[in-house]
4 protein chains.
Amino acid sequence: MARLTGSDGRRTMAAIQQAALQLIYEHGYEATSLRLLAKKVGLHTGSLYNHISNKQELLFYLIRSHMEDLLRSCSEYMDAHASGDSRADVEHFIRFHIRFHVDRKHEVFISYSELRSLDKQNYEFITAMRQIYENRLISLVSAGIDKGAFHIGDARIVAFGVLSMLAAIPSWFKPDSPLTVDAVTEQFTAFVLNGLAGSTPPANSNP
Amino acid sequence: MARLTGSDGRRTMAAIQQAALQLIYEHGYEATSLRLLAKKVGLHTGSLYNHISNKQELLFYLIRSHMEDLLRSCSEYMDAHASGDSRADVEHFIRFHIRFHVDRKHEVFISYSELRSLDKQNYEFITAMRQIYENRLISLVSAGIDKGAFHIGDARIVAFGVLSMLAAIPSWFKPDSPLTVDAVTEQFTAFVLNGLAGSTPPANSNP
Amino acid sequence: MARLTGSDGRRTMAAIQQAALQLIYEHGYEATSLRLLAKKVGLHTGSLYNHISNKQELLFYLIRSHMEDLLRSCSEYMDAHASGDSRADVEHFIRFHIRFHVDRKHEVFISYSELRSLDKQNYEFITAMRQIYENRLISLVSAGIDKGAFHIGDARIVAFGVLSMLAAIPSWFKPDSPLTVDAVTEQFTAFVLNGLAGSTPPANSNP
Amino acid sequence: MARLTGSDGRRTMAAIQQAALQLIYEHGYEATSLRLLAKKVGLHTGSLYNHISNKQELLFYLIRSHMEDLLRSCSEYMDAHASGDSRADVEHFIRFHIRFHVDRKHEVFISYSELRSLDKQNYEFITAMRQIYENRLISLVSAGIDKGAFHIGDARIVAFGVLSMLAAIPSWFKPDSPLTVDAVTEQFTAFVLNGLAGSTPPANSNP
DNA sequence: TATGAATGAGTGTTCATTCAT
DNA sequence: TATGAATGAACACTCATTCAT
């Protein structure tokens with residue numbers, strides 16, 4: 001009995017998280033009221049506070065969980081596919097990134113767009129986690145430059161570009177379109193690797 | 001003297017717009033209260049309504065103005081630099097985009113991230129404008145594929161990638177950094193053109 | 001020129017009154033905003049104050065004008081139709097009342113239902129005017145009792161009843177119905193005169 | 001003890017209703033602010049919304065409750081005093097009406113004068129209820145005409161007159177006056193019955 | 001744990017009124 | 001007289017949060 005109570009509690013909390021992810025994704029953190037959240041979960045507003053401490057902590061929890069998941073999964077994947085080849089490493093990173101993000105549309109969106117709604121301390125905590133992730137790609141690109149595999153000027157700039165490109169995928173990718181995740185992955189991988197390889201200098205046009 | 005009346009009104013409205021851009025950029029549309037906005041402009045809350053009809057229309061106005069500005073400027077620039085060369089055209093698009101966006105940090109951010117806060121009708125209006133802009137790049141890329149200048153699979157996908165990459169620049173670019181706008185522009189131009197040129201097929205690794 | 005200005009001013013004021021009567025009739029005094037009124041008249045809100053001193057005074061003016069009109073017209077009519085016969089006098093009062101009220105639907109309604117919106121001083125002023133009117137009927141009824149024409153217990157009670165009955169006519173009478181004003185007048189006159197004549201005592205049922 | 005919670009909620013709602021009746025009677029619906037209402041009940045403004053859904057619904061609830069009460073009580077009374085005699089039936093209706101209305105001054109006034117403040121749907125709902133009540137009297141009068149007990153031209157017109165007369169009683173009747181309810185009842189009953197009996201045709205004066 | 005009522009601060013918006021031009 | 005901008009108070013209503021039961 002007592003176990004079942006705990007079990008129900010955990011199930012309720014999971015329902016709260018899932019509902020919160022969807023509501024915040026749809027309306028944004030500020031526009032998502034706990035009234036609405038409670039209703040969606042089938043609780044009275046006050047009862048939410050048996051499961052969460054407050055709204056800000058709920059947001060932080062959602063984003064932090066996602067980031068922890070991301071960092072852990074990325075480490076596992078990259079460790080499993082480690083190679084000395086920079087091109088192969090970058091390709092694996094892209095592959096991992098797309099796979100991981102494509103079916104976490106809500107979490108991904110919130111983790112970017114609601115950073116602003118985190119209070120200072122929580123914001124810095126998440127930002128630090130994000131930098132760890134970004135640094136993985138920056139490192140791979142830098143290493144490639146050093147090894148002569150990539151010919152680009154600034155690893156950080158290009159890495160930011162690539163990450164922005166990847167991060168936006170869930171916002172326009174439609175799982176039910178004829179376009180498969182694998183097709184998108186191949187296109188982006190080829191595009192990025194060619195971009196990094198860098199044989200063609202830009203025409204030096206004066207604007 | 002008499003002219004100053006109208007002039008004052010126009011000046012007040014301009015102040016409202018500027019303050020709104022900054023506040024919405026900082027806190028988001030939902031979290032930006034008209035009280036705060038009024039205070040920043042030096043008005044009583046109710047006096048705002050001598051200049052705007054409501055909060056939603058203010059947001060719409062800000063975004064629409066920005067998008068109109070974007071489309072007009074883009075047309076002018078591209079018309080002025082028209083060439084038969086796909087590579088040159090894409091390069092000009094990138095050059096224009098970065099130039100235009102880099103010193104419109106607030107407008108750019110809001111025009112993306114607060115689409116969700118627009119009501120249905122306004123949302124569709126802005127989305128249609130955005131598509132016009134996106135289609136410019138998609139067309140250039142498609143044309144390049146047709147002419148054999150670019151070797152990529154799907155013009156739309158890659159164009160979305162490029163746009164995402166470009167759109168994110170104001171979020172990480174710091175005007176006071178040693179890195180100049182021109183340097184960023186060159187890096188991105190080279191990266192994108194090489195990506196589009198596309199000599200290197202991806203290693204077909206099964207994940 | 002100067003005359004024409006004054007003339008325009010008077011015309012504007014007349015338009016304000018008419019619009020106010022209709023708006024207050026429709027929405028009530030509290031729910032009628034000066035914004036709406038100004039719009040209906042084709043002025044900006046602030047410009048109203050070139051014609052009225054404030055909202056309360058406008059209401060007072062509307063009601064007082066109506067009451068003055070009522071008292072003056074009633075005096076004229078009753079003086080013109082004076083007779084020694086109580087029955088004839090009451091009949092004339094009823095006839096006058098219906099005639100006067102039927103095509104002043106707005107004024108009548110407002111003069112009753114918005115008494116509550118008058119401030120104390122204005123309320124008392126109007127109430128005094130109303131009592132003068134009510135006393136006319138009460139006097140006629142009292143006189144009829146004294147002369148033995150009417151057989152009822154309390155002139156005031158019955159007079160109030162009759163006045164209530166008459167006052168409500170504009171609220172249900174529809175000028176475009178097959179029922180004419182004259183028909184209504186006849187029905188009410190007969191009913192009231194028979195009621196006042198009073199031959200039949202009520203069955204003394206214990207409730 | 002535990003029961004007291006529900007009990008408190010119900011007691012609060014009852015207090016809200018009573019306070020609302022009095023305030024709306026005094027100042028009108030539009031001029032009655034929820035701030036004032038809350039203060040009178042001893043709540044914060046927002047706490048009202050634990051009991052009502054909005055101001056309009058509160059008004060609707062007050063009027064609807066009154067009308068339901070009226071229709072139910074009227075049915076009970078008339079059923080209990082049913083008789084084949086039209087004069088007795090009308091007398092009972094009048095008796096019931098006065099009894100019922102005299103000590104419901106607030107409800108009665110609001111239910112008439114604030115119909116205009118109901119939104120369209122609620123207005124039509126209440127109007128339909130009112131017509132049921134009015135039709136009771138109209139039916140009695142019609143039946144009396146058919147049976148030859150009453151001699152008047154149009155049952156509807158006269159019934160409206162009688163209802164207006166009765167409806168206004170609470171507005172001038174003072175419970176603490178020497179005049180008793182029973183006295184008023186007798187006077188009105190006699191007046192109406194004589195009016196309906198209708199022996200005297202009106203003098204056909206041309207105004 | 002859930003409930004329902006309460007809190008107190010806050011929201012966007014409207015109001016009658018004023019006044020320099 | 002008309003205008004357009006400003007005022008300052010008020011409005012109905014929602015919010016996250018608390019707490020006795």
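Each chain gets a letter, A, B and so on, in the order its sequence line appears, and its residues count up from 1.
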d(CZ, D:R10; P, F:dT21) in whole Å
17 Å
Is a donor from one side chain sitting under 3.5 angstrom from an acceptor on the other, for C:E26 and C:Q22?
yes
Phosphate oxygens OP1/OP2 of F:dA5: is one of them under 4.0 Å from a side-chain N or O of B:S47?
no
With a 4.5 Å limit on heavy-atom distance, are the side chains of C:I126 and C:S111 in contact?
no
I'd like to check the side chain to side chain donor-acceptor pair (under 3.5 Å) partners of C:T32; sequence neighbours left out, ordered by chain and number.
none
Of all heavy-atom pairs linking D:A20 and D:L62, the shortest is CB-CD1, 3.8 Å
Watson-Crick or G-U stems involving DNA chain F, each at least 3 pairs long, distances under 3.5 Å, ordered by first number:
E:2-21 with F:2-21
Does anything in residues 25-33 of chain C come within less than 4.0 Å of DNA chain F? Heavy atoms only, and list the residues if so.
none
Residues at least two apart in sequence or cross-chain that pass side chain to side chain donor-acceptor pair (under 3.5 Å) with B:R104, listed by chain then number, are B:D69
d(CG, A:N50; P, E:dT3) in whole Å
10 Å
Name every residue in residues 111-126 of chain A that has at least one heavy atom under 4.0 Å from any atom of DNA chain E, in order of residue number, or write none if there are no such residues.
none
Run the side-chain donor-acceptor check on residues 35-51 of chain D: report pairs under 3.5 Å with partners two or more places apart or on a different chain.
none

Flag if over 12 foreign heavy atoms under 6.0 Å of CD, B:E57
yes
What's the spacing between C:I24 CD1 and C:L58 CG if we round to 0.5 Å?
5.5 Å
Atom OH of B:Y49 and atom P of F:dA10: how far apart are they, to the nearest Å?
19 Å
Please tell me if D:T12 has a side-chain N or O lying less than 4.0 Å from either OP1 or OP2 of E:dA6.
yes
Value in whole Å for how far the C1' atom of E:dA16 lies from CZ of C:F60:
20 Å
What is the distance, to the nearest angstrom, from the CG atom on C:L48 to the C1' atom on E:dA16?
11 Å
If you look at every heavy atom in A:V108 and A:P170, which pair is closest and at what distance?
CG1-CG, 4.2 Å
Which residues pass the salt bridge (charged side-chain N to carboxylate O under 4.0 Å, His left out) test with C:E68, sequence neighbours left out?
C:R64
Compare all side-chain heavy atoms of D:H66 with those of D:I63 and state whether any distance is below 4.5 angstrom.
no
Whether D:E114 and C:R116 form a salt bridge (side-chain N of Lys/Arg under 4.0 Å from carboxylate O of Asp/Glu) is what I want to check.
yes
Of D:T45 and B:T45, whose closest DNA chain E nucleotide lies nearer the 5' terminus?
D:T45
Sequence neighbours left out, what pairs pass side-chain hydrogen bond (donor to acceptor under 3.5 Å, both in side chains) with at least one residue falling in residues 120-130 of chain B?
B:Q56-B:N122, B:Y112-B:R130, B:D119-B:N122, B:K120-B:E124
With sequence neighbours left out, write down each residue that passes ring pair (Phe, Tyr, Trp, His ring centres under 6.0 Å) with A:F60, or none if nothing qualifies.
A:F125
Name all pairs fulfilling the ring-ring contact (aromatic ring centres under 6.0 Å, His included) condition that reach into residues 22-41 of chain B, sequence neighbours left out, sorted by first residue then second.
B:Y25-B:H106, B:Y25-B:F109
Output the residues of residues 51-58 of chain C in contact with DNA chain E, where contact means a heavy atom of the residue under 4.0 Å from an atom of the strand; sort by number or write none.
C:N54, C:K55
Just how far, in rounded Å, is P of E:dA16 from NE2 of B:H44?
19 Å
Any side-chain heavy-atom pair of C:I52 and C:M13 under 4.5 Å
yes
Counting only non-hydrogen atoms, which of residues 34-43 of chain B are less than 4.0 Å from DNA chain E?
B:L34, B:R35
